[in-house]
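One structure below.
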Amino acid sequence: MKEFFPEIKNIKYEGPKSKEPLSFKYYNPEEKIMGKTMREQLKFAMAYWHTLCADGTDMFGIGTMDKSFGGSSSMEISKNKVYAGFELMNKLGVDYFCFHDRDLVSEGETLADFHRDLEVIVGIVEEQMKEHGKKLLWATANMFSHPRYAHGAGTSCDPDVFAYAAAQIKQAIDIDIRLGGSGYVFWGGREGYETLLNTDMGFELDNMAYLLTMARDYGRAHGFKGDFYIEPKPKEPTKHQYDFDAATVIGFLRKYGLDGDFKLNIEANHATLAAHTFQHELRTAAINNMFGSVDANQGDCLLGWDTDQFPTNIYETTLAMYEIIKCGGFTNGGLNFDAKLRRASARPEDIFYGFISGMDSFALGLRLAAKIIEDGRLDEFVKSRYAGFETGIGADIKNRRTSLEALSDYAFSLGRVGLSSSGRQEYLESLINSVMFG
Ligand code: XLS
Ligand code: CA
Ligand code: CA
């Protein structure tokens, strides 16, 4: 078998003192952290699109990276991508991957062309998965790149486009089931609007929910046991994306009775675009029992768009892992590197540096989150902050056995009520630092 990255050997854990750039400093796959191996805790996945397809094209210039993998025809390129992807996952020790239907093959003229080519490539993916023991974290359908989706897919004003989207979803779910995927993602690519002047928002949302409902019913009827996810994002490509943030999506799922089958796929960069922290979006999903999976990346707070960089901010990865461990860890989900190289990082080895940096950042985040939890002072502080609800009137409120009248009588009996306690933010921030770096 041809090697696509012949210069790169298997990436090993060498520990934080190592000066070898092509080694892990913090990710030691078989080491146990809080009762599970790092590999089980982190469940890293490769995003097919950024890793094997994105070639550095941006608004101002053409590609800088050759993603043909030595192929000349479109199908040869598609085949080589599969082999290159599995080689990369093997060399990095990444166990999972995720893809859009259109990442695997180019679309062709008709659905029939598309399905014929997909069938060939999915066969190769299936065989490679068996050979190398890799798993599909989730699949999705790309319903945003082709011009037909300029008005949206499930929210399009054209019923033929709605039907076309349904056909793509059906096919992608069939592939997901065939490959044993544990998730199916809906990221609302162009499900949103540029102006309300031409938009029937209520009608569009009802239609989108109907499409998702049909997808859920089809998946369940055909044996899909994994999680359906919606991936929130506030803007880009449309000015206003309907799946704005976790809270908006949760409201939508409940309104349309989809909350039993759907969870959230939280992307770090989308959280910050919505002016939330990554931690906020994870917590919002968790407290609503909808934490599912993560698209691991980071944005740049000086830029207002979705830069999809490999994550390196250790505070963010630590607090993200803190939330993930606290809500029980991953079940069907995992950490998918929805991250791409900067346009000038165009050498084949750069993708390995990207993954190593992202995997190490989350591995270190996991180690530090475990330290914060084991230290216990943060959790103890939060608990003590609400201790007033354990006795007296507080307990009556907590146990829901009071009334507005009773509370009013109680409040009148108090006289002056002022600020009683400190939020201690500065102390806690310094505590976190001392645990992380101590
Ligand atoms: C784009 C999204 C997309 C989804 C999958 O911003 O992150 O890549 O994860 O369609
Ligand atoms: Ca994403
Ligand atoms: Ca993104």
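Both ligands and their constituent atoms are indexed starting at 1 by order of listing. None of the values given here were measured: they were computed from a predicted structure. In this chain, numbering begins with 1 at the start of the sequence shown. What you see below is based on every heavy atom in this structure, not just the backbone, and it leaves out hydrogens, waters and symmetry mates.
Asp295 has its closest N, O or S atom to the Ca ion (ligand 2) at the position named OD2. Of all N/O/S atoms in His270, NE2 sits nearest the Ca ion (ligand 3). Restricting Glu267 to its N/O/S atoms, the shortest distance to the Ca ion (ligand 3) is reached by OE2.
Taking the ring centre of Tyr83 as origin, the terminal cationic atom of Lys81 falls outside the region bounded by 6.0 Å and 45° from the ring axis. Note that Arg148 lies in the cation-pi zone of Tyr164, set by a 6.0 Å cut-off to the ring centre and a 45° limit from the axis.
Ligand 1 lies within reach of His270, whose nearest heavy atom is under 4.0 Å from it. Contact between Val185 and ligand 1 is absent, with no heavy atom of the residue lying under 4.0 Å from the ligand.
Side-chain contact of Thr248 with Asp245: a donor-acceptor pair under 3.5 Å is present, judged by distance alone. Under 3.5 Å, the side chains of Thr37 and Glu31 contain no donor-acceptor pair of N or O atoms.
If you check each of Glu267, Lys340, His100, Glu231 against atom 9 (O) of ligand 1, the one with the closest non-hydrogen atom is Glu231.
Vertex the Ca ion (ligand 3); arms to Asp308 OD1 and Asp306 OD2; angle rounded to 10 degrees, 100°. Here Glu231 contributes OE2 and Asp338 contributes OD2, and at the Ca ion (ligand 2) these two atoms make an angle of 160°, given to 10°.
Listed for the His280 side chain is no donor-acceptor partner under 3.5 Å among the backbone atoms of His276. With hydrogens and angles ignored, the 3.5 Å screen pairs no side-chain donor or acceptor of Glu126 with any backbone N or O of Leu179.
Listed by number with element, the atoms of ligand 1 under 4.0 angstrom from any heavy atom of Asp306 are 6 (O). Of all atoms in ligand 1, numbered sequentially from 1 with element shown, those under 4.0 Å from a heavy atom of Trp49 are 8 (O). Listed by atom number, the atoms of ligand 1 under 4.0 Å from Asp295 heavy atoms are 9 (O).
Below 30°, between 30° and 60°, or above 60°: for His146 and Tyr149 the angle between ring planes is above 60°, a perpendicular geometry. Using bins of under 30°, 30° to 60° and over 60° for the plane-to-plane angle, the ring pair His100/Phe144 lands in the perpendicular bin. Ring-plane geometry between Phe337 and Phe310 is classed as tilted, the angle between the planes lying from 30 to 60 degrees on a 0 to 90 degree scale.
By the criterion of a heavy-atom distance under 4.0 Å, the side chain of Asp338, and not its backbone, is placed next to ligand 1.
What sits closest to atom 3 (C) of ligand 1 on the protein, heavy atoms only, is Trp187 CE3, 3.6 Å. In this structure, atom 6 (O) of ligand 1 lies nearest to the protein heavy atom Lys233 NZ, 2.9 Å.
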